[in-house]
Number of protein chains: 2
Amino acid sequence: MFAFLKINTMKLKDKKLTRSDIKRASILDAAMNAFQSKGFNATSMDDITLSAAVSKRTVYNHFPSKETLFNAITARMLTLFFTYEPIPFSKDISLEIQLKNLVEHEINLLTMDEFIAMAKVIFAESIHSPQLVQNAMSEFEEKGSPLVHWFEQAALQGAIKTDHPERVSMQFVAVIKGFCFWPQLIQNAPMPDEKQLDDIAQMTVQMILKQYT
Amino acid sequence: MFAFLKINTMKLKDKKLTRSDIKRASILDAAMNAFQSKGFNATSMDDITLSAAVSKRTVYNHFPSKETLFNAITARMLTLFFTYEPIPFSKDISLEIQLKNLVEHEINLLTMDEFIAMAKVIFAESIHSPQLVQNAMSEFEEKGSPLVHWFEQAALQGAIKTDHPERVSMQFVAVIKGFCFWPQLIQNAPMPDEKQLDDIAQMTVQMILKQYT
DNA sequence: ATAAAAGTAAACTGAAGAGTGTAATTTACG
DNA sequence: CGTAAATTACACTCTTCAGTTTACTTTTAT
């Protein structure tokens with residue numbers, strides 16, 4: 001898990017993977033796993049030290065405090081998911097196909113288990129920190145904004161009939177998350193299998209088509 | 001806030017409100033507020049002691065440990081919301097009206113600020129406790145079950161056309177929560193005002209009618 | 001090769017916080 | 001009134017944990 005982060009690290013220097021880089025990556029990995037499974041408070045720096053196979057002083061040489069480490073992780077996770085290509089609306093492609101693509105796109109994002117992992121880390125802390133994570137969070141929630149943009153375009157061009165495209169967009173995302181995100185986040189529910197995902201996708205597309213065309 | 005709990009306490013003995021009862025209620029109140037705003041870990045027993053205007057020893061006389069106190073609170077909150085009348089499906093009332101009632105019912109529940117408060121306390125802890133709160137939680141999530149029951153009846157009697165009434169029920173709830181619950185829980189978003197709630201309700205009803213009749 | 005940079009082990013400090021012991025006070029109640 | 005139970009203040013123990021110090025070893029880069 002989180003292999004994708006290591007790859008990122010490697011890409012930067014390619015061959016010059018110094019010991020320091022390895023240690024740092026190891027710390028980030030260990031911290032991410034620990035924060036994910038136990039939360040910020042319940043994770044001690046000694047835990048991280050231990051499972052990163054690194055001395056405590058080394059942790060503090062890379063990250064001056066526990067909070068710094070936490071921020072480094074959230075920042076990393078957030079930027080990762082922010083690199084998120086916008087989706088153009090096209091009047092030349094059938095609405096059904098475009099919607100199907102949108103759903104799949106969204107489901108793919110949500111079903112990455114890294115996504116759930118990240119959400120656990122961040123949400124659990126953010127419920128009780130009005131400002132701390134909140135700012136990053138609001139930005140993060142805008143992740144839906146490419147979707148909003150698509151719906152706005154679709155409405156403008158008359159493909160979808162609504163006075164509130166952003167509301168339709170929210171409805172769209174709400175249904176997907178209701179099946180593929182919240183239960184997994186809160187209750188550790190299993191992700192729906194391929195067939196169920198297909199059904200959910202189809203249902204969501206039908207919902208938009210029947211209600212707004 | 002949480003006045004409804006004090007009322008409950010009073011009903012039990014009516015006149016025999018002994019000092020001990022008052023102290024106990026005061027502790028529960030203080031603890032609930034503290035857990036809600038700061039979370040379980042960040043709340044110290046001394047905090048509670050202080051804002052309950054009670055000595056520390058008294059807290060421990062009533063509740064042998066912090067966890068016991070936490071459990072007492074969650075139990076209280078959960079039972080409160082479990083007393084939840086089932087909703088019968090009727091073929092004599094127009095579908096639209098019944099749906100409208102369902103939405104309102106659900107929105108009323110979610111918009112009680114006690115509900116959000118409770119959810120914060122419980123969810124924040126449950127994200128990182130696989131078994132601890134999880135069991136109570138799963139029961140709690142079934143709170144939707146009267147809704148499922150309504151949709152099952154509606155499907156059985158042909159008022160709603162679907163092979164998966166429980167899925168339709170989830171969709172229905174997902175949309176409402178997407179607007180009136182998750183943003184408030186995670187981001188401290190303000191609850192939509194009356195007019196917005198109306199729009200959301202109407203939209204949700206239309207969604208079901210257009211997609212499943 | 002060698003000096004600077006980075007890592008290690010282990011003992012330490014200081015703060016916070018859960019829970020206890022106790023002696024003195026307050027309240028309930030026959 | 002008088003006694004038993006509950007409450008209080010407060011000092012105390014014990015543990016956990018973030019962060020530091022020190023004396024030493026390994027890696028890296030020139």
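Every chain is numbered from 1 and lettered A, B, ... according to where its sequence line falls, protein lines coming before strand lines.
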_Taking any heavy-atom pair under 4.0 Å as a contact, classify B:T49: base, sugar-phosphate, or nothing._
nothing
*Distance check: side-chain N/O of B:H62 vs OP1/OP2 of D:dA6, anything under 4.0 Å?*
no
*Starting at CG of B:D47 and ending at C1' of C:dG17, how long is that distance when rounded to a whole Å?*
10 Å
*Side-chain contact, heavy-atom cut-off 4.5 Å: A:I186 with A:F123?*
no
*Report the distance from atom CG of A:L17 to atom P of D:dT27, rounded to the nearest whole Å.*
16 Å
*asked:* Distance criterion of 3.5 Å, no angle test: do you see the side chain of B:R57 paired donor-to-acceptor with the base of C:dG21?
replied: yes
*Give a yes/no answer on whether the side chain of B:T58 brings an N or O atom under 4.0 Å of OP1 or OP2 in D:dT8.*
yes
*Which residue, B:R19 or B:F40, contacts DNA chain C at a nucleotide closer to its 5' end, judged by nearest heavy atom?*
B:F40
*Ignoring backbone atoms, establish whether A:S20 has a side-chain N or O less than 4.0 Å from OP1 or OP2 of C:dG7.*
yes
*Is any side-chain heavy atom of B:S65 closer than 4.5 Å to a side-chain heavy atom of B:M45?*
no
*Quickly work out the A:N61 CG to C:dA4 P distance and round it to whole Å.*
18 Å
*Of all the nucleotides listed (D:dT28, C:dT26, C:dG7), which has the minimum atom distance to the side chain of A:T18?*
D:dT28
_Over all strands shown, is B:K23 touching base, sugar-phosphate only, or nothing at heavy-atom distances under 4.0 angstrom?_
sugar-phosphate
_In whole Å, I'd like the distance from the NZ atom of A:K56 to the P atom of D:dC17._
10 Å
*Under the 3.5 Å rule, do the base of C:dG19 and the side chain of B:K66 count as making a donor-acceptor pair?*
no
_Parallel, tilted or perpendicular: rings of A:F35 and A:F70 (30°, 60°)_ = perpendicular
_Atom pair distance, as rounded to whole Å: CD1 in A:I22 and C1' in D:dT26_ = 13 Å
*Atom CG of B:N41 to atom P of C:dA18: distance rounded to whole Å?*
9 Å
_Nearest whole Å is fine: how far is D:dA18 C1' from A:F63 CZ?_
16 Å
*asked:* Nearest to the side chain of B:S55, heavy atoms from C-beta on, is which of C:dA6, D:dT8, D:dA18?
replied: D:dT8
*With B:F181, which of B:I116, B:I176, B:T111 fulfils side chain to side chain contact (heavy atoms under 4.5 Å, CB included)?*
B:I116
*Once you round it to whole Å, what is the distance between P of D:dA9 and CE of B:M45?*
16 Å
*Polar side chain donor-acceptor pair, A:S44 to A:D47, under 3.5 angstrom*: yes
